[in-house]
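In what follows, a single structure is set out as structure tokens and then discussed.
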Amino acid sequence: MNEFALIQTYFNKAQHNKNVLVGIGDDCAVLEPPLGQALAVSIDTQLAGRHFPNDAAPDLIAARTLHCAVSDLAAMGAEPLWFTLALTLPASDSAWLERFSYGLFEAAENYRISLVGGDTTAGPLTISIQVHGGVPQHSKILRSGAKPGDGIFVTGPLGDGAAGLAVIQERIQVTEQAERYLKSRFYQPRARVRSGLLLRNVATACIDVSDGLLADLGHICKASDVAAVIDSSRLPLSSELSANVPTSQALEWALTGGDDYQLCFTADAEELEQLQKRVHSDELDVSCIGEIAEGKGIINRNTGGAYSLNSSGFKHFT
Ligand code: ADP
Ligand code: MG
């Protein structure tokens, strides 16, 4: 199958048509942002052997790449609109592509985000997804707005992504139910889009937890020129995680593990409480894990000592 037939068969599908004037098939997609919204744009690349195991199922890696890319939109308070896909494939394998395409469009359906173009090349398996979202100019949530006195919050549980990878790589043994849950947390980390939208004009700063809480909260602290004081006993852990590994391991993954794609944000605690009264708890399941203070770095409330930031978070090129 040549490149054009491949695109036509697996990627040119009927989908949501949010403000798409020209979709797949011409030199460019032509898109019209919703009235009054600025575009939020982000790209994410996933490499076989680096971001997911070489033998991972194609539908799962397609879904994972899209979830991870959309997570950046969630962290900005942006609504998903469109995405493009740059796909490098070792071979044109129709069974593989069929499953990849299925996983991709199933995940896209969740967010009502539409595929509007891409590029297809031969080479080592690499998937890049660029997402475009809409956000009213004055509602975007930056990393730089945290203020001393703000509470520090995270959505959902932390540590499941790292535990999921450990299960996939057979580094830990867990119950069957926990295995299913943790693997899905790695391959299908639902981006917290709804939470991000609700947090517009309430969160003072926000980031999605992709490299581990310490690393990502560290980015908020740096951008906002503040310190964070966190209480590790308040880190939200899933029952699947805490029941299956020692507490010290669960906490380490929650702090430094990465791959969680929850949101970490800062906000005035009272304002957030008012917001929570107005929404369903599933849409904004948050835990307060500490407080922003003057200074630098991330401080452990229990010991008073600073967490070392350079030892945390995955870094390429080191
Ligand atoms: P060009 O050579 O002008 O860049 P291509 O031949 O690469 O165009 O692509 C033809 C059309 O197919 C374009 O509209 C492009 O956006 C789309 N396309 C290519 N690869 C993909 C893909 N993997 N997924 C979705 N659309 C794709
Ligand atoms: Mg091209």
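All values reported here derive from a predicted model rather than from experimental measurement.
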### Task
Before accepting this row, confirm whether a basic side-chain N of the pair Arg192/Asp260 lies closer than 4.0 Å to the acidic partner's carboxylate O.
no

Side chains of [X] and [Y] in contact at under 4.5 Å (non-hydrogen atoms):
X      : Y      : result
Cys28  : Val22  : no
Phe11  : Phe100 : yes
Asp208 : Asp216 : no
Leu85  : Ile127 : yes

### Task
Please confirm whether Tyr187 and His67 have ring centers closer than 6.0 angstrom.
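Tyr187 vs His67: aromatic centres not under 6.0 Å.
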
### Message
For the backbone of Val135 and the side chain of Ser139, can you confirm whether one donor and one acceptor N or O come within less than 3.5 Å of each other?
### Response
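No; zero donor-acceptor contacts below 3.5 Å.
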
### Task
Check for a donor-acceptor pair, side chain of Ser224 on one end and backbone N or O of Val226 on the other, with a separation under 3.5 Å.
no

### Query
Quick one: CD on Gln8 to CE on Met1, what's the gap to the nearest 0.5 Å?
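The distance works out to 10.5 Å.
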
More than 12 heavy atoms of other groups within 6.0 Å of [X] [atom1]:
X      : atom1 : value
Arg234 : CZ    : yes
Lys222 : NZ    : no
Lys296 : NZ    : no
Glu283 : CD    : yes

### ILVMFWY network linking Ile61 to Leu89, side-chain heavy atoms under 4.5 angstrom
yes

